[in-house]
Amino acid sequence: MSDDLDDIQAIFFEECAEGLATAEEGLSAMADGDASADVIAGVFRAVHSIKGGAGAFGHEALQSFSHRFENVLDEVRGGKIPASSDVCRTMLLAFDVLSDHVAAAQGQADIPEDAAILAELEKLLDDKGAAASSAAQAPAEAAPADDGGTDEFGFSPVTVDLDDLDSDPFGFEPVTVAIEDLDAPAPTWTVRFAPSREAMANGGEPLLVIRELERLGAEISAVETDTLPPLRDLDPEGAYFAWTVSVPASVEKTVIEECFDFVAPDSVVEIAQEAPAPAAPAADDGPAPDGPEAIADTDAPAPEAEAEAESDAEAAKDEPEAEIKPKAVEKAAPAEAKIAEVVQNIRVDVSKLDMLLNLVGELVIRNSILSDRLSSADQQRVELPELARLTREIQDNVMSLRAQPIRQAFSRVPRMLRELCVSTSKDVALEMSGETTEVDKSVIEKIGEPLTHMIRNAVDHGIESAEERVAKGKPAQGMVHLSAEQKGARIFLRVADDGRGIDRERVFAKAVEKGIISADATLSDDEIDNLICAPGFSTAETISSISGRGVGMDVVRSNVEALGGRVEISSVPGKGTTFTMVLPLTLAILDGMVVRLAGQRYVVPLANVVETVQPESDQVRPVANSSEVIDLRGTYVPVKRLSDLFNLHPGARDNPQDCVVIIVETDAGHVGLMVDTIEDRREVVIKSLDQNLYPIRGLGGATILGDGSIALILDIDALVASPSSSNKFALKGIAA
Amino acid sequence: MSSVENTGERKIVTFLLGKQMFGIDMSALIEIREWEEPTPLPSVPAHIKGVTNLRGHVVPVVGLAERLGWAPSVLHSRSCILVVNIGGKHAGFLVDEVADIVAVDEGSIQPAPSVESFESGVISGLVQVGQRSSEGAEDKEQTMVSLLDLETLSPTRHMDLAA
C-alpha cells in the first residue's frame with residue numbers, strides 16, 4: 001500500500017513539475033505584457049492543483065504557501081489586482097519560492113524561507129483596497145448565472161458578457177437573484193462521501209479528506225456503517241463506510257469540492273444544500289456526474305463545467321418540478337461538451353512508446369520490402385499506395401507521441417538566469433526563439449544539463465559587468481539568446497551571448513599551463529576556441545560557485561556526443577560567443593537520396609541537396625594536389641569525392657564524367673559530393689549507430705532498406721567540415 | 001548468473017577460432033547467424049567489419065580474430081556470427097565454427113595466466129571440457145577452453161573509456 005501511495009505521490013510530483021512549467025510560462029507571458037484571461041487562468045489552475053495535491057499528501061508548507069499565492073492570483077484573475085510589471089515580478093519571485101517548496105516536499109531541498117515573499121504577496125492583497133474586496137465575490141458567482149440564464153431559453157452556451165445580464169433581452173434574471181436569495185438564509189451544505197472500495201488500496205486516505213473538511217468547520221452528522229461486511233469477509237484495505245458531513249453555508253462550494261480533488265475516481269461525492277430540493281438528486285443521478293463528480297479527476301476539469309453543474313442544481317430549485325428532469329439532461333450536454341474541449345491526457349510509460357516506435361519502424365521497412373518485391377504492374381494497384389499512406393500516417397502519429405516542444409527544456413532557463421543575475425550582479429536579458437521546435441523526448445531529457453552549463457558559461461564568462469560593458473560602448477544590459485531550430489534531421493540549439501568573446505591568448509596560455517597542448521603548437525582560431533571543451537580546462541581565474549570547476553564545457557561536449565550530436569563554438573572577440581549544440585532527431589524519419597558508391601549504398605539527407613549534376617568533360621577540374629572544383633554556371637564549387645572522405649579504394653580515381661556530383665548545402669557553403677550513381681529518393685527510418693556501437697563522425701546513422709540491407713546516412717556538415725574533425729581527434733588524442 | 005548459486009554451474013557456448021577453443025556465457029548469446037557480408041563503416045578500427053541488420057536493429061560485426069590481434073579468419077561454410085548482448089548493447093562476433101554448449105562447474109574454472117599473449121582482461125578464465133568425438137560416442141576427450149570476457153571485447157568499450 002505504501003508503494004501505491006508512493007506511486008500516486010510520484011504522479012503528483014510529475015503534475016507539479018508540469019504545473020510549475022505552465023505557471024512559469026504564463027507568468028513570463030504576463031511579465032511580457034500578455035495578461036489575457038486565459039493566461040492568468042492557466043497560472044491559477046496550475047497553482048491551484050499544486051495546492052490541492054499538497055493538501056491531499058499532507059505537505060503543509062507547500063499547501064499553505066500555494067494557498068496564499070493562489071489568493072493573489074485569484075485577485076489578479078478577477079481584475080482586482082492589475083497585472084502590472086511590479087506585480088508580475090513579485091509573482092515570479094513567488095513562483096521561484098513555490099518551486100522550492102515543491103522541491104522541499106519531494107525531499108530534495110529544505111523548506112525555503114518564504115516569509116519575505118509572503119509579506120509581499122499580502123501587501124498586494126492589501127493594496128487592492130477594501131472597497132474591491134467586498135465586491136470580489138460577484139464575478140465568480142455571476143458566471144454560472146450566465147450559463148443558467150441563457151439555457152433557460154434553449155440557447156446553446158455562447159459567450160455572453162457579464163454586463164449583459166443586467167439588460168438581458170428577455171428581462172429574465174432568475175439565477176442571479178436566486179443565488180443571492182440562497183446566500184441569505186444560509187442553509188448548510190450536506191456532503192455525502194462514500195469512498196470507493198479500493199480507495200485505500202489506491203492510496204486515497206478518506207481520513208485526510210474528512211480532516212480537511214473539518215478544518216473548514218464541517219461536522220460529521222452521520223456515518224453509514226451498515227455496509228460493513230462480517231469480519232471474515234472484511235478486506236483490511238477496503239473502505240466500507242460512508243460519511244455525511246454538514247459544512248457551514250459560508251464555505252463556498254468550490255472549496256468543498258477541492259477537498260475531493262484527490263479521491264479515487266469511483267468514489268461517491270454528493271454535495272447538496274439543506275433546503276429541500278427534489279431536483280438536486282435527479283441532476284446528480286443523471287448525466288450530471290460529469291459535473292460535480294468528475295472532480296476526482298486531478299487534472300482540474302474546467303471550472304466552468306463544475307460551475308455549470310452547480311447552476312443546474314440551483315436553477316432547478318426555483319423552477320416548477322415538471323420542467324426539471326428534461327432540463328437536467330439537456331443542460332448536462334453542454335457541460336460534457338465543455339469538458340471535451342479541455343485537452344485530456346493519459347500517462348503512458350515511455351518504454352511502451354519506444355516499443356511502438358520500433359514496431360512501426362519495422363512496419364515501414366516491411367512495407368517497402370513488399371513494394372520492392374512486387375511487379376511494377378502490381379505496384380500500381382490501389383491497395384499498395386493506400387497501405388503505404390496508412391503506414392506513413394501511423395508512423396507520423398507515433399513520432400508525434402514522442403515529440404515534445406523544446407520549450408520544456410527551455411522552461412527552467414528563465415529562473416536560472418534570474419538567479420545567475422543576482423549571484424553575479426550582472427543584468428542579463430533573455431531572449432528565446434523556436435521554443436515550439438519539436439524534439440524527441442529522449443533528447444529533451446538529456447539536453448537539460450548541457451543547456452544549464454552553456455547558460456552559466458555565457459553569463460559567468462561571456463557577459464561583462466555593467467561598467468565594463470558601458471565602457472566598451474555596449475548597452476549595460478547583457479543579452480543571452482537561446483534558440484532552437486530544425487534543419488533536416490538535426491536540431492540546432494544555440495546559446496548566443498553578446499559578451500566579451502573568447503580570449504584566445506588566455507585560452508592558449510591556459511591550455512599550455514594545464515599541459516593540454518604544447519607551447520609551440522600552432523592552432524587556428526577555431527581550434528583554440530575548441531580547447532575550452534577539452535577535459536580539465538577552465539579559464540575562470542577564481543573558481544566561482546556558478547561555473548568553472550573545469551568540467552563545464554567538457555561535460556557539455558561528452559553529453560552532446562553521447563546523443564550523437566556535436567558542439568560548435570564561434571566567437572568574435574568583444575562581440576560575443578555562440579555555442580551551438582547540433583543534435584539528431586533520434587529515430588526520426590528522413591527524406592533522403594539513396595546513392596551508390598563502390599557497391600555500397602548511402603543516404604544523403606534531401607535537406608542538404610541543392611542539385612545534382614552529371615559532369616561534362618572538363619567541368620570538374622583539379623586545383624591543387626588533391627582538390628577539385630566543379631564549374632557550376634561560372635561559379636566554382638569545391639568537390640569532394642565520397643570515396644576519399646571515407647578512404648575507400650585509395651589510389652583509384654574514377655573519371656568524373658562517369659560519376660554524379662551532388663551539390664549539397666553545408667555550414668561551409670555549397671560543396672559538390674562525388675558519388676557513383678543516384679539510385680532512388682525515399683523516406684528512411686534513422687537507426688542511430690550509438691544504439692549498439694558509437695556515433696561515427698560523418699554519419700548521421702544508418703537505415704534498413706527495402707531489401708533488408710543497411711545503408712549509412714551521411715551527416716553532410718560533419719563530413720565536409722574535415723578541419724574540425726581532425727581537430728576533434730587531435731584533442732581526443734591529447735586528452736587520452 | 002544469480003540462478004547458479006546452488007549448482008555453481010555455468011552454461012558455455014564453445015567455438016573454434018583458428019585451432020583454439022573459446023567459450024562465452026550462454027546467457028549472453030542472442031542468436032547464431034550465418035555469415036553475411038556486413039555493411040562497412042568508415043573510420044572505425046579494422047576489427048569492426050561493419051554493421052548488419054538484426055531484425056531491424058543495426059548491429060556491429062566484429063572480426064574476433066582481428067580483435068584478438070590474429071590474422072583475419074578465412075571465411076568458409078561453417079563461419080558464423082555469434083550475436084551477443086553486452087550490457088544491453090548488441091554485437092556480432094565472427095567465429096570459425098560453433099562447437100557445443102557445455103555446462104561447466106564454476107569451481108573448475110581457473111584464472112587466466114597473465115603470460116597470455118592476449119590483451120589483459122580478454123580471457124576471463126580457462127576450463128577443461130569434455131568434447132564430443134566426431135562419432136558422438138561416449139568417450140570424451142578433454143579440451144581446454146578459454147573463456148572470453150565480453151565486456152572487454154565490446155566494440156563500444158574504447159568509446160566508454162574515452163568518455
Side-chain angles (χ1 to χ4, degrees), chain A residues 357-366 369 535 554-555 557-559 561-562 597-602 642-648 685-699 701-705 707-714 718-719 725-726 729 731-733 735-736, chain B residues 24 28-64 66-67 75 81-94 119 150-163:
Chain A
L357 189 66
N358 267 328
L359 289 173
V360 170
E362 295 286 285
L363 183 64
V364 170
I365 291 160
R366 295 293 148 191
I369 291 178
D554 177 29
V555 169
R557 197 187 65 178
S558 54
N559 282 3
E561 282 178 359
L597 176 76
Q600 288 296 328
R601 283 182 291 185
Y602 298 87
L642 192 56
S643 53
D644 289 351
L645 293 171
F646 281 162
N647 223 358
L648 305 168
V685 179
I686 303 175
K687 305 262 176 185
S688 82
L689 285 170
D690 60 335
Q691 196 191 349
N692 288 309
L693 192 59
Y694 45 79
I696 294 172
R697 196 173 169 91
L699 296 182
T703 192
I704 297 170
L705 294 176
D707 60 1
S709 69
I710 291 180
L712 301 175
I713 301 169
L714 305 180
L719 197 63
S725 86
S726 59
F729 291 127
L731 276 177
K732 271 248 152 87
Chain B
I24 59 165
L29 186 71
I30 297 171
E31 69 171 87
I32 300 170
R33 289 163 71 90
E34 256 180 71
W35 168 255
E36 197 183 318
E37 193 69 43
T39 304
L41 292 168
S43 44
V44 290
H47 65 261
I48 298 182
K49 302 185 85 72
V51 282
T52 193
N53 170 11
L54 175 71
R55 295 195 213 114
H57 291 277
V58 176
V59 175
V61 176
V62 177
L64 187 56
E66 291 100 308
R67 177 64 186 82
L75 296 170
I81 299 175
L82 295 179
V83 183
V84 295
N85 179 345
I86 310 171
K89 297 208 169 196
H90 297 178
F93 287 94
L94 170 62
E119 146 191 355
L150 289 173
E151 294 281 344
T152 311
L153 290 172
S154 162
T156 62
R157 182 173 164 87
H158 290 285
M159 200 57 190
D160 296 342
L161 291 178

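Below, read A as the first sequence line, B as the second, and so on, with proteins coming before strands; counting in each chain starts at 1.
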Hey, are the side chains of [X] and [Y] touching, using non-hydrogen atoms and a 4.5 Å cut-off?
X: B/V51; Y: A/L712; result: yes
X: A/N692; Y: B/V58; result: no
X: B/T39; Y: A/Y602; result: no
X: B/P40; Y: A/Q600; result: yes

Check each atom of B/L41 against the heavy atoms of chain A and say whether the ones under 4.5 Å are side chain, backbone, both or neither.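 For B/L41, heavy atoms of backbone and side chain both lie under 4.5 Å from chain A.
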Which atoms form the tightest heavy-atom contact between B/V44 and A/Y694, and what is the distance?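 Scanning both residues completely, I find the closest heavy atoms to be CG1-OH, 4.0 Å.
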Minimum heavy-atom distance between A/G708 and B/N53, given as atom pair plus value: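 Reported closest heavy-atom pair: O-ND2, 2.9 Å.
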What's the separation between atom CD1 in A/I704 and atom NE2 in B/H57, rounded to the nearest 0.5 Å?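 Taking CD1 in A/I704 and NE2 in B/H57, the distance rounds to 8.5 Å.
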Kindly compute the distance separating CG (B/L54) from CD1 (A/I710), expressed to the nearest 0.5 Å.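 Answer for the CG-CD1 pair, B/L54 versus A/I710, is 9.5 Å.
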